[in-house]
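Notes follow the structure.
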Amino acid sequence: MEIESGQYEMSFSRPKEDTLLVRLAGNWRIGGRLPSAGEVQKQIESGPRIQRIVFNTEGLTDWGSGLLTFLIKVIHQCSRKKIRVEKAGLPKGAVKLIAIASAVPEEKGSQKKGTRGPFLSRIGESTIAFSRSVVEMLGFIGDATVAFIRLLKGKARFRRSDFILTIQQCGVQALPIVSLISLLIGLILAFVGAVQLMMFGAQIYVASLVGISMVRVMGAIMTGIIMAGRTGAAFAAQLGTMQVNEEIDALKTLGISPMEFLVLPRMLALVLMMPLLCLYADLMGILGGLIVGVGMLDLSAVEYFNQTRASVTLNHFWIGLFHSAVFGVLVALAGCLRGLQCGRSASAVGDAATSAVVTGIVSIIVATAIITIICNVLGI
Amino acid sequence: MTQREAHITVKDLTMAYGDFVIQKNLNFTIQHGDIFLVMGGSGCGKSTIMRALVGLKEPAKGRVLYDGMSFWEAEPEEQDRTMRRFGVMFQSGALWSSMTLAENVALSLEEYTDLTPGQIREVVSLKLALVGLSGFEEFYPSEISGGMQKRAGVARAMALDPDILFFDEPSAGLDPISSRRLDDLILELRDSLGTTMVVVTHELASIFAIGNNSVFLDPETRTMIASGDPKKLLAESRDPKVHKFLTRGEEGAREQ
Ligand SMILES: Nc1ncnc2c1ncn2[C@@H]1O[C@H](COP(=O)(O)OP(=O)(O)O)[C@@H](O)[C@H]1O
Ligand SMILES: [Mg+2]
């Protein structure tokens, strides 16, 4: 809009000792600069005590909210000083609009205070918030377990089509990125290992290095992190948006538990798909190692394959698959938890997705550490 | 005042989603300072027509002229300039959920005026007061009721004192008193600021209270079947559908 800058004019005179005449002219639309009510204030304070204010608006060519805000402020100031404001000289429409604006009194109790507490109390508050979020998380895991038990008993309900769709989204559709990343991880491991092992002429052990590390942890961790970024974030955004639109409340009113209806299918799908993806990632990683072994270290493909088969035991496989199933649960839980906790605004959905990824990755690493220590103690 | 050109002219307008025609062959004109109502049953395409008028959806056929300028044939800059003279309230409110009500109203003021932050705050308070929401400046849309969100949407649409205000079912979901107050506000804005209003509504009380021109859309024939002052339509229209709508379904009430 071509909003012309407001060429307002304002002048003052005193027809009588106790009367201030404010003459308003020109353009009083918003857009350009607006006059400040402070000028009226100054006029009131200079000279003898004013009892009433009258207006002359004959020269007013155009007006809008600019005039209204100005008048409201003047009226407000004058009522505090007990000065009468004669509205007769004002445009009729302006008087009516001011009346409409003051028809509903201001909600006093609803005014929110935006003050921040002192530093220490803010630390205290965030500590309390943190412990509350831990409790919420544990409660969520509990609810999810109950829902899972109900599923085993055949009492939980969710839509099978949802389940299949989620399987497709977090299974087949994740294959390209899993292929790329695990192939490259295999390559990198082989490169780094080869440089060291070549010093001893022990290139052949590159196959063992890549095989064991991929199968035992790296495959699971890499798929876990990929899925946290890809699927965990998607879960959080989906459920968060449903939260914003009150869709989850609508489910609850129907007596359908969001835990069974929304969380269970996602969790099951991820727990089923993660080990499969992990297996696939293992193979791609070994293929990456093979490329380096054959291309750079002059090993033959058969040699490489045999060495891999000799060093990677079935135990390694089971441990890797166990990791990935655990990660599946963690990623799904993090995504769904953050989605269900989402606030009711667009930016809250963004926060939920971010937080789902962070929670997912942190819990994957922590879980890996715990499982590794347990395996060490058990000697497997 | 000299006779001005029609503010909005709609010529042979056809709206469609893909091949699915919603409304066809619409012709009507809206004068400066009209309160123009778009009436019709749910799902007959009122919101779709409004999307064409406010420049969000290109019509399948036909033209929309603003002061004689054909909107959909104009240059993008020209379109932008025209659109900035509109204030639009969407059917679902469409408030920006991560901003407070004050920030929602203030956004266009910050973008398009030279007002100081203090003055913007005053204008925002005025707009919220006009819709009866004084004191809710710092609330987020999710923290107020649906009817209040509607009214906040109205306040946001009015922020820049636009030349044309488009309201999509402003009084749906409002209590009778707020709804009445909104009607008063619409009339007053027209009378004092000369704003042209295009209001989608099927609230009978407000149809007769505010409208001085209208178009009636029919879902079966997919076109308009009546237009003009709604009070005259009630008195004179021979079309049973129009009559049924304007009398809340009292069929045959007019047959002698
Ligand atoms: N995005 C869309 N795609 C396809 N059809 C739509 C879309 N939006 C609305 N419609 C159809 O257009 C018709 C009119 O919708 P709408 O203009 O919202 O109706 P009203 O506002 O009169 O209630 C409806 O039949 C609806 O199904
Ligand atoms: Mg609609």
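Naming convention: chains lettered A, B, ... in sequence-line order (proteins, then strands); numbering from 1 in each chain.
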Go through the atoms of B/Leu185 and report whether side chain, backbone, both or neither lie under 4.5 Å from a heavy atom of chain A.
both

Tell me, out of A/Ala348, A/Ala99, A/Ser345, who's got the most heavy-atom pairs with chain B below 4.5 Å.
A/Ser345

Among A/Gly343, A/Gly66, A/Ser65, A/Gly64, which residue has the highest count of heavy-atom pairs closer than 4.5 Å to chain B?
A/Ser65

With side chains defined as the heavy atoms from C-beta onward, is the minimum distance between B/Asn212 and B/Phe36 less than 4.5 Å?
no

Cationic tip of B/Lys11 within the cone over B/Phe28's six-membered ring, i.e. under 6.0 Å and within 45° of the normal?
no

Which bit of A/Ile72 comes within less than 4.5 Å of chain B, counting heavy atoms only: side chain, backbone, both or neither?
side chain

Are any of the side-chain nitrogens in B/Arg81 or B/Glu78 under 4.0 Å away from the carboxylate oxygens of its partner?
yes

So what's closer than 4.5 Å to chain A heavy atoms on B/Leu128: side chain, backbone, both or neither?
neither

If you measure from the Lys or Arg side-chain nitrogens to the Asp or Glu carboxylate oxygens, is any gap between B/Arg51 and B/Asp168 under 4.0 Å?
no

Ring geometry between B/Phe71 and B/Tyr66 (parallel below 30°, tilted from 30 to 60°, perpendicular above 60°)
perpendicular

Is A/Ala103 in contact with chain B via its backbone, its side chain, both, or neither, using a 4.5 Å heavy-atom distance?
side chain

